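Before any comments, here is the structure.
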There are 2 protein chains.
Amino acid sequence: MYHEQAQRFKALSDPNRLRILELLIQGETCGCTLIDKLPIGQPTLSYHLKQLADAGLTRRVVDGTKHLYYVEKDALASLREFLRDVEHSTATSCEVETNG
Amino acid sequence: MYHEQAQRFKALSDPNRLRILELLIQGETCGCTLIDKLPIGQPTLSYHLKQLADAGLTRRVVDGTKHLYYVEKDALASLREFLRDVEHSTATSCEVETNG
DNA sequence: AACAAATATCGAAGAGTATCGATATTGGGA
DNA sequence: TCCCAATATCGATACTCTTCGATATTTGTT
């Protein structure tokens, strides 16, 4: 089913979310510090973090009043694998006249 | 800039488009045969093919009245690379207590 | 209990998306 | 030239997304 993969790609289809992912990977964990590095307000950040979490791309850990977010690298790897499979599932009849 | 990558991920964020990509890779090339394998009408297929082409994921070759579409594998590979970079750009301070 | 900090949720506005039926366009064949 | 097949475009509709300000919730601190 393509629906699940499509959902994950959708989570990656927003520039702010890609930026968030990279900040998280680089060591940011807390919404309260992310907010200073993004051109969006707090409710919007919360919305994007939820999108990422719902897609399985991040995991949330509650620490007192702070919420820490971590990237689920396995999910990213799974998407990479999907793309690679699509690329490689050729191998059959896709022969375009190779000018020979 | 994340905008361009986000655009490409957006092109992959629809199940029908993922299906189209796979059909194209597997040897389909013509809209007139794709249409029989998808649960959408002709204008919608045309719309999706345009989305994919605009995102640089496919290339169109006109052959008389038929239009042939080919997957730009380089674009897929570039997305894979982007995902891998995001995964690997850690290496610094993202140490979560590794239970040691 | 009162307050502050961090986050989530709500309601609304505006933009964008997917889909369709109808119609236009383009190219090949009679 | 006339018709057909393949595709694109248009206008409309319903839905989803992103964003915001305002407000609620949750937790730690005094």
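Throughout, a chain's letter reflects where its sequence line sits, starting with A, and its residues are numbered from 1. Because only heavy atoms are used, hydrogens play no part in the values below, and waters and symmetry mates are left out as well, while side chains stay in. It should be emphasised that the depicted structure is a prediction, and the values quoted were computed from it without experimental measurement.
Between the CD1 atom of I35(B) and the P atom of dT19(C) there is a distance of 11 Å, rounded to whole Å. One atom, OH of Y2(A), and another, P of dA18(C), lie 18 Å apart when rounded to the nearest Å. Taking atom CG on L12(B) and atom P on dT17(C), their separation rounds to 14 Å, with Å as the unit. Residue L34(A) contributes atom CG, which lies 13 Å from atom C1' of dT7(C) at whole-angstrom precision. Atom pair D14(B):CG and dC15(D):P shows a separation of 17 Å (rounding to whole Å applied). Note: CG (N16(A)) to C1' (dC17(D)) measures 12 Å, nearest angstrom. K10(B) places its NZ atom 7 Å from the C1' atom of dG16(C), with the value rounded to the nearest Å. The interatomic distance linking D63(A) (CG) with dA6(C) (P) rounds to 12 Å, in whole Å.
Between R80(A) and E81(B) there is no salt bridge, since no side-chain N of the basic residue sits under 4.0 Å from a carboxylate O of the acidic one.
Summarising the geometry of L49(A) relative to T58(A), their closest heavy-atom pair is O-OG1, 4.2 Å, with the distance given to 0.1 Å.
Between dC20(C) and T44(B), a contact under 4.0 Å exists linking OP1 or OP2 to a side-chain N or O.
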Distances under 3.5 Å between protein N/O atoms and the N/O atoms of nucleotides 5-8 of chain D, please, pair by pair.
| residue | atom | partner | partner atom | Å |
| --- | --- | --- | --- | --- |
| dA6(D) | O4' | T65(B) | OG1 | 2.8 |
| dT7(D) | OP1 | G31(B) | N | 3.3 |
| dT7(D) | OP1 | H67(B) | N | 3.3 |
| dT7(D) | OP2 | C32(B) | N | 2.7 |
| dT7(D) | O3' | H67(B) | ND1 | 3.0 |
| dA8(D) | OP1 | R60(B) | NH1 | 3.0 |
| dA8(D) | OP1 | H67(B) | ND1 | 3.3 |
| dA8(D) | OP1 | Y69(B) | OH | 2.7 |
| dA8(D) | OP2 | S46(B) | OG | 2.9 |
| dA8(D) | N7 | Q42(B) | NE2 | 2.8 |
| dA8(D) | N6 | Q42(B) | OE1 | 3.0 |

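Side-chain atoms of E22(B) and Q26(B), non-hydrogen and from C-beta on, do get closer than 4.5 Å to each other. The closest side-chain heavy-atom distance from S78(B) to R8(B) is below 4.5 Å. Side-chain contact check for V86(B) versus K73(A): every heavy-atom pair is 4.5 Å or farther apart. Annotation: side chain of E72(A) is not in contact with side chain of Y70(A) (no heavy-atom distance under 4.5 Å).
Between Q7(A) and V62(A), the one whose closest nucleotide on DNA chain D sits nearer the 5' end is Q7(A).
Side-chain atoms of R17(B) lie closest to dA18(C) of the nucleotides dA18(C), dC20(D), dT19(C).
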Pairs of donor and acceptor atoms involving the side chains of residues 9-21 of chain B, under 3.5 Å and at least two apart or interchain, shall be tabulated with distances.
| residue | atom | partner | partner atom | Å |
| --- | --- | --- | --- | --- |
| S13(B) | OG | K10(B) | O | 2.7 |
| D14(B) | OD1 | N16(B) | N | 2.8 |
| D14(B) | OD1 | R17(B) | N | 3.2 |
| R17(B) | NE | A11(B) | O | 2.7 |
| R17(B) | NH1 | H48(B) | ND1 | 3.0 |
| R17(B) | NH2 | K10(B) | O | 3.2 |

